[in-house]
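Beneath this line is the structure, given in structure tokens, with notes to follow.
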Amino acid sequence: MRFACLGSGSKGNATVIQGDSLTLMVDCGFSLKETTARLRAIGLSPDDIDAILVTHEHGDHICGVSTLSRRCKIPVWASQGTSDYFSEDDIRLNTINVHAEFLIGELTIRPVPVPHDAREPCQFVFRTKDHCFGLLTDVGTINERILAAYESCEAMLLEFNHDRALLMGGDYPSALKRRVGGEWGHLSNEQSCRFLQALLPGELKFIVAGHLSESNNSPEIVAAELSRLAQKYSYRFEIAAQHSVSCWYELDNLCR
Ligand SMILES: [Zn+2]
Ligand SMILES: [Zn+2]
């Protein structure tokens, strides 16, 4: 299994996950032109995508989904609450039960319902016979159920949205500060580090920090937090960018 991040942050998100015979995209918050260009950077074209999973209806995750799905006839999977957002009847839409695992090709997919201010948001854990990768962004609070869902992940794309002091001391209007920092908002660096400390030491060997706020966080701050934690636990990490595409991350190489 391998994955690549086409972009991560409030201006657009998309992650590509590849098994032996299946290429799956989670969310598409970019235009078709932008998605095509970003896919090209990892050697793919939109026609290579077999399925699109959508985590929730916020624009940075969903705005490119309909066009991509329609143009390239790619089926879409989403929760009932997220599915309600699609009005087009020419999209092949599969509604998922967020409390039950399902299969697409060789990938076993576990939806993880999360507290976030959307209709029925869920994040995902992907399993093949050899590997386990988890995606977790756009979540306000970590609870026991979420922790348990990611316990066996060897690699994760995990939200590090904001530095709490920067958010609170910054110039966002107070309602937005409350929304982002609240229980239905986004994970702070501190919350994500606490989540990692609860998972480590365990299966987790590789972490990509994602969905960083451009106003209330920085790759340097996140790298410092992750380096500090890495002195105690053994793992590697990368930081996903908003404006550039990552390389392919191969679980075979990174999670030995
Ligand atoms: Zn988002
Ligand atoms: Zn969101």
Side-chain angles (χ1 to χ4, degrees), residues 3-17 24-31 34-35 38 52-68 76-86 96 98 111-125 133-143 146 149-150 156-164 166-167 170 172-173 175-189 191-192 195 207-219 222 238-246:
F3 71 99
C5 186
L6 296 190
S8 183
S10 60
K11 294 195 174 81
N13 295 274
T15 306
V16 179
I17 298 152
L24 205 146
M25 183 182 283
V26 182
D27 293 333
C28 185
F30 302 106
S31 68
E34 185 69 29
T35 304
R38 289 180 184 242
I52 307 171
L53 259 67
V54 186
T55 59
H56 63 299
E57 74 276 17
H58 289 162
D60 55 324
H61 298 264
I62 207 172
C63 73
V65 173
S66 295
T67 312
L68 178 63
V76 174
W77 274 259
S79 68
Q80 182 65 59
T82 306
S83 299
D84 288 345
Y85 182 88
F86 293 99
I96 57 179
V98 296
V112 186
V114 290
H116 188 58
D117 54 357
R119 282 193 208 164
E120 195 183 6
C122 66
Q123 297 291 318
F124 298 104
V125 174
F133 165 68
L135 200 67
L136 183 62
T137 71
D138 298 75
V139 49
T141 337
I142 297 289
N143 55 39
I146 296 177
Y150 290 88
M156 274 194 77
L157 171 58
L158 173 64
E159 168 162 65
F160 276 74
N161 182 259
H162 57 276
D163 174 282
R164 199 157 174 84
L166 283 183
L167 173 70
Y172 273 17
L176 186 56
K177 286 182 186 176
R178 276 198 303 277
R179 198 222 126 209
V180 172
E183 288 186 12
W184 299 84
H186 291 273
L187 290 178
S188 68
N189 296 342
Q191 282 174 295
S192 300
F195 170 80
I207 299 153
V208 177
H211 218 300
L212 272 69
S213 162
E214 289 183 314
S215 319
N216 303 308
N217 211 355
S218 74
V222 174
E238 294 284 343
I239 301 192
Q242 178 72 86
H243 301 287
S244 59
V245 180
S246 77

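Note that the coordinates shown come from a computational prediction; the quantities given were computed from them, not determined experimentally. Ligands are counted one by one from 1 in listed order, and the atoms in each one are counted from 1 as well.
- Among the backbone and side-chain atoms of His186, no N/O/S atom is found under 2.8 Å from the Zn ion (ligand 1).
- Per residue Asp60, closest N, O or S atom to the Zn ion (ligand 1): atom name OD2.
- A distance of 10.0 Å separates CZ in Phe30 from NE2 in His61, rounded to the nearest 0.5 Å.
- Once rounded to the nearest 0.5 Å, the distance linking NE2 of His186 with CZ of Arg179 reads 4.5 Å.
- Looking at His56 and the Zn ion (ligand 2) together, the shortest N, O or S contact belongs to NE2.
- No hydrogens or angles considered: nothing links the side chains of Asp138 and His58 as a donor-acceptor pair under 3.5 Å.
- In Asp138, the N, O or S atom that comes nearest to the Zn ion (ligand 1) is OD2.
- Side-chain N or O atoms of Glu57 include one that pairs as donor or acceptor with a backbone N or O of Arg119 at under 3.5 Å.
- The Zn ion (ligand 1) is closest to atom NE2 of His211 (considering only N, O or S atoms).
- Across all their heavy atoms, Asp60 and Gly9 have their closest contact at OD2-O, 3.7 Å.
- Counting only distance, with no hydrogens or angles, the side chain of Ser188 and the backbone of Arg164 share no donor-acceptor pair below 3.5 Å.
- For a distance bound of 2.8 Å, the N, O or S atoms of His58 include none lying that close to the Zn ion (ligand 1).
- At a cut-off of 2.8 Å, His116 is counted among the residues with an N, O or S atom near the Zn ion (ligand 2).
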